[in-house]
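Since the model is a prediction, treat every value here as computed from it, not as a measurement.
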Amino acid sequence: MRTQFIKTDMGKKVKKDEKPPPDDVFDPLLVESRQAGTVVLMLSSPEEDVQAKACEAIYKYVDKCDENKKQLLDLNAIEALLPLLQSEDRIVRRNACMAVSVMTAHPEVRKKLRKNEEAIPAMITLLAPEEDTVVHEFCALGLSQMAIEFSSKAVIFENNGIEPLVKCLSSSDPDVQKNAIETLAQLLLDYQTRAAIKDADGLSPMLELLKSEFSIIQKLALLALDRASQDADNRGALRELEAMSKLVDFVAHPEWNDLHVMAVMVLANLLEDHESLELVKETGTLKRLVALITDQPPPEEEAKGGGGKGGKAEKGGSRAAKKSAKDGKKSSEEKEESIPGEAIIPTLPDVKMCAAKAIARSARSAENRKILHEQEAEKMLIHLLAHESTEVQTAAAQALGIMSENLLTKDSIREWEGVQPLVKLLNSDNGDVKEAASLALANLTANNSTNCHDISNFNGIDALIHTLADAREEAVANAACCLTNMATEEALRSDAQNKHIVVKLIEPLKSKNTNVQSKCSLAVAAYVCDADSRADFRNNGGIEYLITLLHSGNDEVRRNSSWAIAVCAVDEQTASEVCKLGGMSVLQEIQVSGTRRNPFADVALQNLLNSNLSAKYSLTGALSSTNIILDGFYDAGQMRPGSQFLSLEDYCKQELHDKRPVLLVNAKPESAPKESQSNADAEMAKDSSKRVYLGNRPVLEGKLRRIRKGSGERKSKAQKEKEEKQREEEIQAQLQREAENQSTTDNKPFEMPCDSNLCQYLEEITEKIQPLQTTREQVVALAQYVSDHMGGPIEKGELANFSWELPISQIRYEMKSNVVPIGKIKTGIHIHRALLFKVLADRIAVGCTLNRGEYNLAWNEVMLPDSDDTPGAPKFPPRTFVIDLVHCPGKLLRADSADAAQYQQL
């Protein structure tokens, strides 16, 4: 035993007896270690003091860099640290928690911890209220790192980690708040956490964190609210907590402007619900937001003016990252007090853009659009159109486009002068702005003629037509849609047609974008409603691209292109062009398809056939009484399925063959040749007769005499060369004139063979048959007339002996063509007589049909009233009769009789 004297405060020495350590206890040993492996071994020590110091050393070591974290992971430090999280010693638990949490920043460490089923539950256990604040801070930090992976989110949720994290939000330590809200923000990416956060009463603490002095906490709180508000139940709970009013108050603080975007994003989620809009309407919150976005005083502060107090702290980190949020706190002396009546600080462009997008999201619902209109949200959007930022302009125009689906909004935008800035934006160099503006104008003009005229007054038609050539495909589609809406007004349609809109629409039809194809096809249908526009469209090759769109796999493109062809095919020239390009074959394919067929294709095919009776008769074998045969009609026979319908010019260019001839109707008188052309031809023939050849070069006979005469005279070499050059130039000029004459002959437009006999037939029936009193008399007389000029009556059973093929073959041989004018045929059977009867009847206004049968059979049907003209006799509806043109010309056979059936068959 050792005696020690200790000096007291009074200066006296007092004897103190100190007992020596027991014999079985090791004397204290101070060890200095510079190897991480040694420290890891110390974690396994049974002494809690050693464990605590080893954990603290590891924490300091891994906090330096990621390489240290990986090194300790390789030394199996995690396996040694995890049991210490459940140590009975508070200091050991704290230091072990600090070390493990900092190490979770490394992905390999997180992977290792995910494989250990006890790691995350142990960290959640340390969030208990009785633990130290430092433990809460670092456990929340570790969980925030672990929550990056989805599997860890699920484990945290399954181990009831939401509730303790929510309690940490109310901690007095800002670092605990920061790490807890960051963890919750990560967890809220999972729908399960979104549903559970309301039950854990986590929404109210999140809103309270918006009042924090530290920007990082505010930012994370807004991020968590943004994700939580994507759940409908959470939005309802936030409404009860007056979240929208608090968020608008947050936006009203200009010193927090870097977080305003996130606040508006949360508001955008909340405003999707109709109940939220009703609430902000009652409380005036929406008007306050509109005033803030448009940089105007809020309604309740207009008289006062005003601003907000400063007080936002600099961004801070966690203690684990060596950047405590407390260090970023601003002192009260740094806060700037607002001066009453000072100028309003404008909101940032990004905030304005997000606010416009929030209005657009909310306006997707018809009920929301109505409330937004009542709150005059359109004024804010129109105000934003004049902003210098293209992103703000785009968002505002998009929102106006969605709002325009409300009928009252369309008028309000016009009354608040919103149309003119939208038209101006069409000239923007920014593609997004142009697309959004064109969309807004397209919706504004739908079923609103006043807006259509308003756009025209601001030169909107020129801008829209110019947009059709834009590289932005959606802008092109929107412009075409807007122009289609404007085409309902005749004056605007004529104005656009005068500006060659039909030609401008051809290029967009070549686009690969189905929306552009669909909208432009519909625009074509709206503007080719007159002959001149159809001619421009046809002459510039637009028909070809419409037919190409019929092959599209998109239903809307096929429907709209079919409708455009239906409108184009109302005149004969366009219908012929469509047939020439194979449009009729495509429409037939669509008509028989079970999946591609649509009513518009049926209408297009019907209009096409009605405008091209030659094709209709070849395809259907029937012409109604309303189908009037005009000059240029030809019967090429029954068209086989899948075959292409050729034009008359194509048939005329074919070489002679042994198939049935093409019957032509052409009563136009032969045009006399022009005198100048005749003189030119005569002169060319005269020159040709005088042309002789000198060597391989053709020269005129007179020139040849001069050449021979001059050859005998003696001339200088220069004179001979000059004369030779002149002769060469004259010969080349003559050859060029002849080539031009030949080219003119080759390029001469196609002329149909003339039918002088048919012209004579028309003169005779007009003089003799048309004056008859009744239709019945006209029909009978005309039938006899046709029979007389087609070889006369043929006895039944003698048709096979009637010689008609040889005379027609002689006509074909004489004309050197497969096309035979109907008037030149003098011996015809059913098919020739029925066609001639239909042609002549149409010219004297006698309605009749033309029907084709099999084996060269054809017949006509007429509707005639009862022949009983006795006064008082009952009157019956007109009946259908088949006209006999072959056996007993002029005999009328009732359509339902056996005689009519026999006439229609061999």
Side-chain angles (χ1 to χ4, degrees), residues 465 467-481 483-484 487 500-529 533-609 611-612 615 619 639 641-647 649-650:
I465 293 177
T467 306
L468 292 175
D470 194 76
R472 195 64 172 257
E473 292 181 331
E474 291 302 323
V476 175
N478 295 335
C481 182
L483 289 167
T484 303
H500 309 290
I501 182 176
V502 174
V503 179
K504 300 292 185 182
L505 284 169
I506 295 176
E507 190 64 28
L509 291 176
K510 306 175 185 178
S511 172
K512 301 299 182 182
N513 186 291
T514 55
N515 192 29
V516 175
Q517 295 171 347
S518 173
K519 300 301 182 184
C520 290
S521 298
L522 204 58
V524 169
Y527 283 97
V528 293
C529 51
S533 297
R534 287 192 294 271
D536 288 343
F537 188 72
R538 182 181 65 249
N539 295 335
N540 285 276
I543 300 295
E544 179 182 357
Y545 300 107
L546 279 180
I547 294 174
T548 302
L549 295 182
L550 291 177
H551 295 281
S552 173
N554 184 279
D555 293 341
E556 187 177 359
V557 173
R558 285 199 309 275
R559 284 196 299 268
N560 292 348
S561 57
S562 298
W563 178 240
I565 290 178
V567 177
C568 289
V570 296
D571 64 53
E572 185 177 357
Q573 288 183 330
T574 308
S576 299
E577 183 71 12
V578 173
C579 292
K580 182 179 179 181
L581 295 172
M584 187 169 66
S585 301
V586 180
L587 290 171
Q588 287 179 269
E589 293 175 4
I590 295 175
Q591 193 178 40
V592 299
S593 173
T595 57
R596 301 170 59 202
R597 182 173 182 176
N598 61 82
F600 296 98
D602 296 341
V603 174
L605 183 60
Q606 188 63 37
N607 288 358
L608 187 63
L609 296 178
S611 298
N612 192 342
L619 181 64
M639 186 175 174
S643 59
Q644 184 179 1
F645 184 77
L646 302 179
S647 64
E649 183 176 357
D650 294 332

For [range], which residue pairs qualify under salt bridge (charged side-chain N to carboxylate O under 4.0 Å, His left out), counting only residues two or more places apart or in two chains?
range            : value
residues 587-601 : R597-D602
residues 567-582 : R534-D571
residues 542-553 : none
residues 501-520 : E507-K510

Between [X] and [Y] (side chain of the first, backbone of the second, donor and acceptor by atom type, cut-off under 3.5 Å), is there such a pair?
X    : Y    : result
S533 : C529 : no
N612 : L608 : no
S611 : A569 : yes
Y527 : L505 : no

Find the distance between [atom1] ([X]) and [atom2] ([Y]) and round it off to the nearest 0.5 Å.
X    : Y    : atom1 : atom2 : result
N598 : S593 : CG    : OG    : 10.0 Å
L509 : C520 : CG    : SG    : 6.0 Å
S585 : I547 : OG    : CD1   : 9.5 Å
I590 : R558 : CD1   : CZ    : 6.5 Å
L546 : C568 : CG    : SG    : 6.0 Å
S561 : H551 : OG    : NE2   : 10.0 Å

Heavy-atom pair with the smallest gap, counting every atom of [X] and [Y]:
X    : Y    : value
V476 : D470 : CG2-O, 3.3 Å
L550 : G583 : CD1-O, 4.4 Å
L468 : A479 : CD2-CB, 4.2 Å

- Steps toward side chain to side chain contact (heavy atoms under 4.5 Å, CB included) verdict (S562, V603): CA-CA 8 Å; S562 298; V603 174; over 6 Å; no

- Query: By side-chain hydrogen bond (donor to acceptor under 3.5 Å, both in side chains), which residues pair with R559, not counting sequence neighbours?
  - Reply: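 Counting only residues at least two positions away or on another chain, R559 forms no side-chain hydrogen bond (donor to acceptor under 3.5 Å, both in side chains).
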
- Query: For N560, what residues pass the side-chain hydrogen bond (donor to acceptor under 3.5 Å, both in side chains) criterion, not counting sequence neighbours?
  - Reply: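 If we apply the side-chain hydrogen bond (donor to acceptor under 3.5 Å, both in side chains) test to N560, skipping adjacent residues, the hits are S518.
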
- Might you confirm whether atom NE2 of H500 has over 12 heavy atoms from other residues, nucleotides or ligands at distances under 6.0 Å?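 Not more than 12 within 6.0 Å, no.
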
- Task: May I have the step-by-step check of side chain to side chain contact (heavy atoms under 4.5 Å, CB included) for N554 and Q517, ending in yes or no?
- Result: CA-CA 10 Å; N554 184 279; Q517 295 171 347; 6.0 Å; no

- Do you see a donor-acceptor pair shorter than 3.5 Å between the side chains of E473 and N515?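 Not at all, the side chains of E473 and N515 share no donor-acceptor pair under 3.5 Å.
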
- Message: Could you check whether any side-chain heavy atom of L605 comes within less than 4.5 Å of a side-chain heavy atom of M584, counting everything from C-beta outward?
- Response: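 Of all side-chain heavy-atom pairs linking M584 with L605, at least one is under 4.5 Å.
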
- Taking it one step at a time, do T574 and V528 satisfy side chain to side chain contact (heavy atoms under 4.5 Å, CB included)? CA-CA 11 Å; T574 308; V528 293; over 6 Å; no

